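Quick notes on the structure that follows.
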Amino acid sequence: MSDKKVRLRFAPSPTGGLHLGGVRTALFNYLFAKNHGGDFILRIEDTDQTRYVDGAEKYIMECLDWCGITPDESPAVCGPFAPYRQSERKSLYREYAEKLVREGHAYYAFDTPEELDRNRKEIPNFQYGHAYRDTLRNSLSLSQHDTDKLLDAGEPHVIRIKVPVGETVSFNDMIRGHVSFDTNQVDDKVLLKADGMPTYHLAVVVDDYLMKISHAFRGEEWLPSAPVHLLLWDYLGWKADMPQWAHLPLILKPDGHGKLSKRDGARLGFPVYAMNWFDAKTGELTPGFRELGFLPEAFDNLLAMLGWNDGTDNEIFSLDELKEKFSIDRVSKAVAKFDFEKAKWYNAEWIKKLKAESLKPKVVEVLAQNGITITDESYLLKVIDAVKERCVLLGDFYQQSAYFFEAPKAYDENAVKLKWNEAKNEFFKTLLVILNKVDETIDAHIFEEQFKALMEEKSLKAGDVMLPFRIMLVGGKFGPHVFDIAALLGKDETICRVEKALMVFNG
RNA sequence: GGCCCGUUCGUCUAGGGGUUAGGACGUUAGAUUUUCAUUCUAGAAACAGGGGUUCGAUUCCCCUACGGGCUACCA
């Protein structure tokens, strides 16, 4: 058991976009695997054909790639335990279900969904379990002969687990410690559906066994079905190989109650999915963190901190650091409410932390989307360094750096015009003369000295001319130090912008 | 309703029988930057309640309350 190779899987069902809670589950699985030198596997749980959504699987893989947690084995990468889609493993599950029936741990049930619905409505606390199974249509209540007849006639049926009466099932959750259940409260879950597909309960056990999964981390919503899985591991005779379980605390809405859902994102104005998800059926686009301008580094970081910490005050971790430091026993038991403000803070921190060089491709993309093409990359790098500390989302790079590439088309005139006078006009006219005498490049410090000297000469205060100068170059009241901007813009462009603005301000 | 899980500032959390209960986001006030942001300093802000156990509980146990999850031929 302990010398077993560490293998964890992320097992989403391809039903749509990937929720950030799902990504966190994937991340924790990945981090634990990598922390132990193990493998991270992606298994697609597409056993519900009615909920299958085209494109979702590809989307999921792209999400994992974007986050930098590409699986070692997956439908795309393949591997020794292929196939990795449960729909392609369909034929294999029936055998195990039949084996359970033969050994008395499962049975055929012929009840229609309608009959069961009626029972659920009419009988308070109805459960398909020990209390009622003898009154329903199944191979336990029917004679062998009648059962065979129905089976031979091709009567639609499912296979259900026969949960024992009056037993206690317990296990040791890596996060929660000892958890136990009274089997009288557990119902006879369907294992194999009428269409021949396994339910999650059967498939997860069979595949985790076959794929030699050593540890399984999943959301807390699975805790109530754990006893069914435990029983199955036991009945199938694989108990010694059962993975160690950990049920991760859920991520809740920032306000109000309940699990975070994509609806909350729309309502509260932040993304819930990792990347944009387009639903071809409804034409609805659900926004994602990636497209909103989040860095994968920040996304991983903020997700990791939702329920985990390393015991120090450090909150900024790269994926590599997380791989090195992650440990499941530092994951908290309690639910966490998602806080978008803090999420943005992580992104701002990562933008500041990352080198201009690694930010470059993303900034190029943002600028391109706004019609700005980059011709001089080393200039871009300087611009990124100049403005990155005032960007929270990648999209902010447009607003914060556009004026480095295009002269302002409009000016924040309110900031200038009311107090504009001939003295200031004179100041800038003289400034142009000084600028023209500058050799080739502007040195920010020297230029600042010259600027201030001229200010004194003309008896003007910094407040009188600094802001107008900024407006001339930038168009608005924002950006780095104005002399740095002038230096970056260069002599000719600075002169050009001052001249142009002077015409506007005087006109 | 039943079952399961949980509960430290508004939020994410550290801590753990004796602490001024620490940090971060957000927030407030200052400083710096005569732009905006950054940065810096300071402030407000929490152990759900009740019983035990104990010399001493926020910490351990029980109960209650509250919150969440599950209760499908969905995962």
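Source: prediction; values computed, not measured. When reading the values below, keep in mind they use all heavy atoms of this one structure, side chains included, and skip hydrogens, waters and symmetry mates. A note on names: the letters A, B, ... follow the listed sequences, proteins ahead of strands, and every chain is numbered from 1.
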Task: Spacing of A/F317 atom CZ relative to B/U13 atom P, expressed in whole Å - done: 14 Å
- [ ] Measure the distance from CD on A/Q400 to P on B/U35 and round it to the nearest whole Å.
- [x] 15 Å
Taking atom [atom1] in both [N] and [M], compute the distance separating them and give it to the nearest angstrom.
N     : M     : atom1 : result
B/U32 : B/G49 : C1'   : 47 Å
B/A42 : B/U58 : P     : 29 Å
B/G18 : B/G30 : C1'   : 37 Å
B/G51 : B/C73 : C1'   : 48 Å

Open item on the list: Heavy atoms from C-beta onward define the side chain here; which of B/U34, B/C25, B/G69 lies closest to that of A/W345?
Closed with: B/C25
Task: Nucleotide nearest A/D313 when distance is taken to its side chain, options B/G69, B/G22, B/C25 - done: B/G22
Mind checking if [X] touches a base, just sugar-phosphate, or nothing, with heavy atoms under 4.0 Å?
X      : answer
A/R218 : nothing
A/K344 : nothing
A/H481 : base
A/F338 : nothing

Task: Residue whose closest nucleotide on RNA chain B lies nearer the 5' end, A/W222 versus A/R390 - done: A/R390
Task: Quiz item: cation-pi between A/R24 and A/F28, 6.0 Å / 45° - done: yes
Open item on the list: With a cut-off of less than 4.0 Å, is there a side-chain N or O of A/N309 near OP1 or OP2 of B/A14?
Closed with: yes
Open item on the list: B/U11, OP1 or OP2 - any side-chain N/O from A/K253 closer than 4.0 Å?
Closed with: no
Task: Centroid-centroid under 6.0 Å between A/Y403 and A/F478 rings - done: yes
